[in-house]
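A short write-up of the structure that comes next.
Atoms within a ligand are numbered from 1 in the order they appear, just like the ligands themselves. All values derive from a computational prediction rather than experimental measurement.
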Amino acid sequence: MAHVLVIEDDDVIRPRLVRSLRDLGHAVDSSPAGLPGLQVALDARPDLVVLDLGLPDVDGMQVLTMLRAVSQVPVIIASARDDDPGLVRALDAGADDYLVKPFTAAQLEARIRAVIRRSGRPVEQAEVAVGALRIDLRGRRVTLDDTEVELSPREFDLLAYLAQRPGEVVTKRELLTEVWLQPWGGSDKTVDVHLSWLRRKLGETASEPRHLTTVRGVGVRLSAPDAP
Ligand code: CA
């Protein structure tokens with residue numbers, strides 16, 4: 001089961017795809033155009049995007065390029081242009097796989113499984129535990145030593161992102177790109193401020209870290225207190 005976003009303008013194909021994917025147990029969002037679809041991809045953070053190349057507002061290739069600037073979400077291109085060099089360009093631009101229309105739901109399902117397996121994203125993962133922290137990714141709730149911690153949406157996103165990379169130092173630039181979706185702009189200060197709020201809510205400080213450790217000049221790491 002995965003959370004799939006379908007960006008497809010064809011009013012016959014789109015509802016059919018949505019229905020078959022739901023029947024297979026996936027959670028499905030859909031959009032009939034490129035820019036609104038891109039917005040859904042950024043807001044809803046699907047596990048995978050099925051992207052049509054021929055869209056009414058912007059070309060699917062442009063959608064792919066814009067999406068790739070801010071996200072590594074797996075993308076399967078659904079294209080009618082079987083002999084179009086567009087498919088090659090799409091793969092070069094970061095698409096993970098493609099299907100040429102018409103295709104069956106079973107064919108799409110097989111590609112979805114393969115792409116998700118290759119991307120190594122733990123889509124079934126609903127909860128992450130790091131030390132005394134438990135982060136419910138679907139329910140967006142956090143407990144520390146079994147006590148609920150109230151976080152703002154942004155603080156939650158920040159913590160959830162770090163929790164999925166436990167023990168790894170994550171740079172502020174990466175956080176601006178992945179959590180704030182500002183790959184080009186944004187300031188380290190933004191990250192610093194949210195980190196300090198998050199720290200306070202987790203009952204720790206920069207000088208006396210428990211789970212959240214700043215690595216000077218590099219970034220920040222979330223790890224179990226007793227981890228090396
Ligand atoms: Ca189309």
Side-chain angles (χ1 to χ4, degrees), residues 1-125 137-138 153 157 161 176-185:
M1 262 200 308
H3 177 188
V4 180
L5 167 63
V6 175
I7 304 178
E8 163 67 70
D9 64 315
D10 189 302
D11 289 332
V12 175
I13 297 177
R14 189 183 57 258
R16 195 181 288 163
L17 272 182
V18 169
R19 201 174 329 113
S20 358
L21 289 170
R22 283 194 182 135
D23 287 347
L24 288 161
H26 299 298
V28 188
D29 284 321
S30 70
S31 174
L35 293 177
L38 192 62
Q39 193 59 52
V40 176
L42 300 183
D43 292 343
R45 311 277 189 107
D47 300 314
L48 183 136
V49 177
V50 178
L51 176 65
D52 179 24
L53 282 186
L55 292 167
D57 54 346
V58 287
D59 191 78
M61 272 301 296
Q62 279 174 275
V63 176
L64 176 62
T65 306
M66 288 188 272
L67 187 57
R68 270 294 164 265
V70 290
S71 166
Q72 287 306 308
V73 61
V75 174
I76 297 177
I77 299 293
S79 175
R81 316 166 186 168
D82 56 338
D83 57 352
D84 194 311
L87 280 181
V88 177
R89 281 195 298 130
L91 292 171
D92 283 345
D96 296 84
D97 206 342
Y98 69 91
L99 277 167
V100 174
K101 293 175 194 168
F103 51 82
T104 65
Q107 287 170 325
L108 177 58
E109 171 67 4
R111 298 295 170 97
I112 289 177
R113 282 178 190 280
V115 163
I116 285 179
R117 198 164 50 234
R118 283 206 303 272
S119 74
R121 284 160 64 108
V123 297
E124 313 265 348
Q125 192 174 25
L137 297 173
R138 298 242 189 260
D157 289 342
Y161 188 81
L176 280 168
T177 302
E178 297 292 332
V179 179
W180 275 266
L181 307 177
Q182 295 183 337
W184 305 285

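- With contacts defined as side-chain heavy-atom distances shorter than 4.5 Å, the pair F103/L17 qualifies.
- Listed by chain and number, the residues in a side chain to side chain donor-acceptor pair (under 3.5 Å) with R68 are D96 (sequence neighbours excluded).
- The closest side-chain heavy-atom distance from D47 to H26 is not below 4.5 Å.
- For the pair P46 and V4, the tightest heavy-atom approach, listed with the atom from each and the gap, is CB-C, 4.4 Å.
- Protein N/O/S atoms closer than 3.0 Å to the Ca ion (ligand 1), listed by chain and residue number, are D9 OD1, D52 OD2, G54 O.
- The pair D52-R14 fails the salt-bridge criterion, with no side-chain N (NZ, NE, NH1 or NH2) lying under 4.0 Å from an Asp/Glu carboxylate O.
- Taking the side chain as every heavy atom from C-beta outward, P36 and D57 approach each other to under 4.5 Å.
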